[in-house]
Amino acid sequence: MSQQIRRVAVIGAGTMGHGIAEVSALAGYEVVMVDVSQDILNKALERIKWSLDKLAERGTISKERVGEVMGRIKTSLSIAEAVRDADLMIEAVPEKLDLKKQVFAEADKYAPPHAILATNTSSLPITEIASATKRPDKVVGIHFFNPPVLMPLVEVIKGAQTSDETARRSYEFVKSLGKEPIMVNKDVPGFVVNRILIALNSAACLLVANNQYSVVEIDSAVKYRAGLPMGIFELQDFTGIDVGYLVGLAVAERDPMLRVPCPLLEDLYKKGWLGQKSGRGFYEYKGGPYERANIPREAGEKVDLTLIFAPAINMAAWLLRNGIASKEDIEKGVKLGLGWPKGVFEYADEFGIDKVVEALNQLYSRFGYELFKPDPLLTQMVQEGRLGRKSGRGFYEYGAAGTVEFKEIILRKEPPLAWIILNRPQRLNALTLTMLEELSRALDMLWDDKDVRVVIIRGAGDRAFSAGADVTSFTGPLHTYYFFLYNRKFQEAVSKIERFPKPVIAAINGYALGGGLEIALACDFRIATDTSELGQPEINLGIIPGAGGTQRLARIVGLGRAKELIMLGDRIKADEAYRIGLVNRVVPKERFEEEVRSFAMRLAQGPPIALTYAKYALNFGTQVPVDIGLLLEAAFFSMAVNTKDAQEGVMAFLTRRRPEFKGE
Ligand code: NAI
């Protein structure tokens, strides 16, 4: 409990008010709830009791505590009476400025001079509400999220005249509730979280309205590729189209930066399709209130995520540059308030700040809204080369990034990723022994490098991954035995990929033929651009694949398909390769790097040790009789269970947070 606050008056006992009263009483405060009728107050008490019973059922609190907590909540029909000996008032009446000012004027009159008067408003100016009182220094925003019992985040907002002391005490109060406060230093419309949410919705809406993408495509992309808990449109259906539309109008009126009208939302609002609660919004809900929108996993493949996230990143940069909230608080805001798996600045660093600025310029020139004008902080970062992960520095610093140039490959470290680039673009990255030796050396360097969790192999330029072994090396008389040795060396280098203890991705941008494809086959995953072509054309030269093609290709696509590819020697296009299971993903050429990176980042967030074991059990357990394979699996399983990462994974699962795996 906060030392200076003991008694709390909650004005308005609706959706938010009853929840705020509940969390306050749970933390030990004496609470008085006020509303306009005893009926409403009784209902609020019932809702609180129901919720406490649920917590007791789940074992979060003991059964005895339900009664004790209920005992701390009184009700009253009079604001004057409720605030008379309150140390803190939290107002949660409907979102109407006049009404709120009335409540504050009355509370100001009857509350003791030291009492803090807080509002839970989502969109009204704190400063204006404070003007109804004679203590604007003690008026503050304490913005809970719905439902307060479950949502950990609370924004504490300073109005123009709120004193530091009031802000500090409010912050401490929120912490004493077991909630996570973030400090919003200026009373800007939408504060931190809703501003970022509005910005995220903006481009998505315009791009759908302009037929670039569909609702489902965007929702699928943000859910399954970016990892947000709900799609952008799905979430709006869930909160209510009316809520989003009206809050949007209210904040847009106060702030030109938030003036990004969404024609789709207005249309739905006018039709009365208010989302899940009315059975229809962006989606149709025929199966009752708990039905989830139908969003297929693959639907979002072609969506440019940078374009969708860029306005939210721009907004976050604006908040940071103007000192409205700290970087840490903004990150906490989107993680705890919106359930994002990563902070908005983390996304920015992954997309690349230069790419974000490009996307913003594109949106700005198309739609002209102020929100899309790249923030000076972002343009400055680009000028300084702080481009995010790929340059080792963006909003965050990343391990030792750097580039090592070999003769025929480049090794680029971009922790937690590393790129090995086959670098003979003028020869379509045709493989030479030098290149293979260098590939092998690069893998050795990365073998136990703690900064690097995933390796990506790609070709330089945009025409080929690798078009195969350099056939010029086959000319000239050479004894069969030396060919054999040469071939074994080739195989050794390729096999090292398979034995490498971390996931390796082949990023195929163009031709992956012959030896080139064989390198890709030894990788754990293959991601190809839609214009790529793959094949084992050796038979056309009168030879056969020599770096694992006959073995690995058959294991990946089955004997029949492998025979067709190897014995006919035809090249196939990426979509055909996807169909037969030869590649894991096909992505548009223009988004190649971004897609590969985001796939790799998902792996990089996984438990490194368990990933090694899984890779080995899969690669080698399938080469031996099944009983031995199962033994191998059991051995790896028991080794994985005994890691700290496994403890972390289970803890995170139980407490419903994302695990942070350290490779320990
Ligand atoms: P609500 O309509 O569920 O509850 C408001 C309550 O205030 C009602 O029970 C009403 O009878 C009562 N009330 C009306 N006039 C009153 C008066 N003069 N004195 C005492 N009580 C009075 O509204 P809700 O959703 O709880 O919203 C309340 C505030 O919280 C609004 O400012 C809203 O913007 C904000 N908010 C709402 C969130 C939500 O998801 N619903 C999330 C965060 C903030």
Side-chain angles (χ1 to χ4, degrees), residues 9-23 31-48 51 75-83 86 89-111 117-126 128-129 132 139-157 174 179 181-182 184 187 189-195 197-198 235-251 254 274-277 333 336-338:
V10 179
I11 317 299
T15 307
M16 295 305 290
H18 89 275
I20 296 169
E22 180 181 347
V23 291
V31 179
V32 187
M33 272 194 306
V34 179
D35 209 298
V36 291
S37 81
Q38 194 55 46
D39 255 9
I40 298 179
L41 287 168
N42 290 342
K43 235 175 239 130
L45 286 172
E46 272 170 36
R47 288 167 90 178
I48 295 174
S51 161
T75 61
S76 167
L77 292 168
S78 152
I79 294 178
E81 184 187 286
V83 300
M89 173 202 82
I90 305 177
E91 164 278 312
V93 302
E95 192 75 338
K96 293 186 189 126
L97 187 58
D98 286 345
L99 177 61
K100 296 210 186 249
K101 282 170 95 168
Q102 229 175 306
V103 169
F104 271 74
E106 190 169 353
D108 184 39
K109 205 152 127 199
Y110 297 102
L117 307 181
T119 171
N120 185 48
T121 182
S122 300
S123 59
L124 299 171
I126 316 287
E128 174 83 21
I129 295 172
V139 175
V140 67
I142 299 187
H143 184 230
F144 287 83
F145 288 74
N146 189 20
V149 184
L150 299 182
M151 292 293 284
L153 189 75
V154 178
E155 290 173 312
V156 174
I157 307 110
V174 170
K179 300 284 167 195
I182 64 173
V184 186
D187 180 14
F191 315 132
V192 166
V193 174
N194 281 332
R195 276 186 95 82
L197 185 62
I198 291 169
L235 178 61
Q236 295 185 71
D237 269 359
F238 180 75
T239 17
I241 298 297
D242 46 341
V243 176
Y245 178 67
L246 296 173
V247 169
L249 281 186
V251 291
R254 290 176 53 206
L274 303 183
Q276 212 157 15
K277 62 184 166 193
L336 299 182
L338 302 173

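Both counts, for ligands and for their atoms, begin at 1 and track the order of listing. For reference, positions follow the sequence shown, starting with 1.
Of all the heavy atoms of Phe145, none lies under 4.0 Å from any atom of ligand 1, so neither backbone nor side chain is involved. With a 4.0 Å heavy-atom cut-off, ligand 1 is reached by the side chain of Ile11 but not by its N, CA, C or O.
Ser123 and Glu95 are linked by a side-chain donor-acceptor pair at a separation below 3.5 angstrom, with hydrogens and angles left out of the test. Side-chain atoms of Asn42 and Glu46 include no donor-acceptor pair closer than 3.5 Å. If you check the side chains of Ser122 and His143, you find a donor sitting under 3.5 Å from an acceptor.
The shortest contact between atom 39 (C) of ligand 1 and any protein heavy atom is with Met16 SD, 3.7 Å. For atom 40 (O) of ligand 1, the closest non-hydrogen atom of the protein is Asn146 CB, 3.3 Å. Scanning the protein heavy atoms around atom 14 (C) of ligand 1, the nearest turns out to be Pro94 CD, 3.3 Å. In this structure, atom 29 (C) of ligand 1 lies nearest to the protein heavy atom Val93 O, 3.4 Å. The single protein non-hydrogen atom nearest to atom 5 (C) of ligand 1 is Ala92 O, 3.5 Å, given as residue, atom name and distance. Of the protein's non-hydrogen atoms, Thr15 CB, 3.6 Å is the one closest to atom 25 (O) of ligand 1. For atom 35 (C) of ligand 1, the closest non-hydrogen atom of the protein is Asn120 O, 3.3 Å. In terms of protein heavy atoms, atom 34 (O) of ligand 1 is closest to Glu95 OE1, 2.9 Å.
Residue contact check: Leu99 has heavy atoms under 4.0 Å from atoms 15 (N), 18 (N) of ligand 1. Those atoms of ligand 1 with a heavy atom of Thr121 less than 4.0 angstrom away are 32 (O). Proximity to Val36 (heavy-atom distance under 4.0 Å) selects the following atoms of ligand 1: 11 (O), 15 (N), 16 (C), 17 (C), 22 (C). Those atoms of ligand 1 that come under 4.0 Å of a heavy atom in Asp35, given as number and element, are 6 (C), 7 (O), 8 (C), 9 (O), 10 (C), 11 (O), 12 (C), 13 (N), 20 (C), 21 (N), 22 (C). Below 4.0 Å from some heavy atom of Ile40 lie the following atoms of ligand 1, by number and element: 9 (O), 11 (O). Interface atoms of ligand 1 facing Ser122, defined by a heavy-atom separation under 4.0 Å, are 34 (O), 35 (C), 36 (N), 43 (C), 44 (C). Close approach of ligand 1 to His143 is summarised as follows: ligand atoms under 4.0 Å from at least one heavy atom of the residue are 43 (C), 44 (C).
Distances from ligand 1 to the non-hydrogen atoms of Glu91 include no value under 4.0 Å. For Gln102, the closest heavy-atom approach to ligand 1 does not fall below 4.0 Å.
Within 6.0 Å of atom NZ in Lys43, 12 or fewer heavy atoms from other residues, nucleotides or ligands are found, so the atom counts as exposed in its surroundings.
Shown are Val184, Ile157, Leu153; of these, the side-chain contact (heavy atoms from CB on, under 4.5 Å) with Val192 is made only by Val184. Applying the side-chain contact (heavy atoms from CB on, under 4.5 Å) test between Ile11 and each of Asn120, Ile20, Val93 identifies Val93 as the sole match.
Inside a 4.0 Å radius of atom 23 (O) of ligand 1 there is not any protein heavy atom.
With hydrogens and angles ignored, the 3.5 Å screen pairs no side-chain donor or acceptor of Asp35 with any backbone N or O of Ile40. Using a distance-only test at 3.5 Å, with no hydrogens or angles considered, no donor-acceptor pair links the side chain of Ser51 to the main chain of Arg47.
With values rounded to the nearest 0.5 angstrom, Lys100 atom NZ is found 6.0 Å from Leu124 atom CG. Once rounded to the nearest 0.5 Å, the distance linking CG of Leu274 with CG of Asp242 reads 4.5 Å. Separation of atoms CZ (Phe104) and CD (Glu91) is listed at 5.0 Å; rounding is to 0.5 Å.
Val149 and Gly19 make their closest contact through CG2-O, 4.4 Å (heavy atoms, listed as atom of the first residue, atom of the second, distance).
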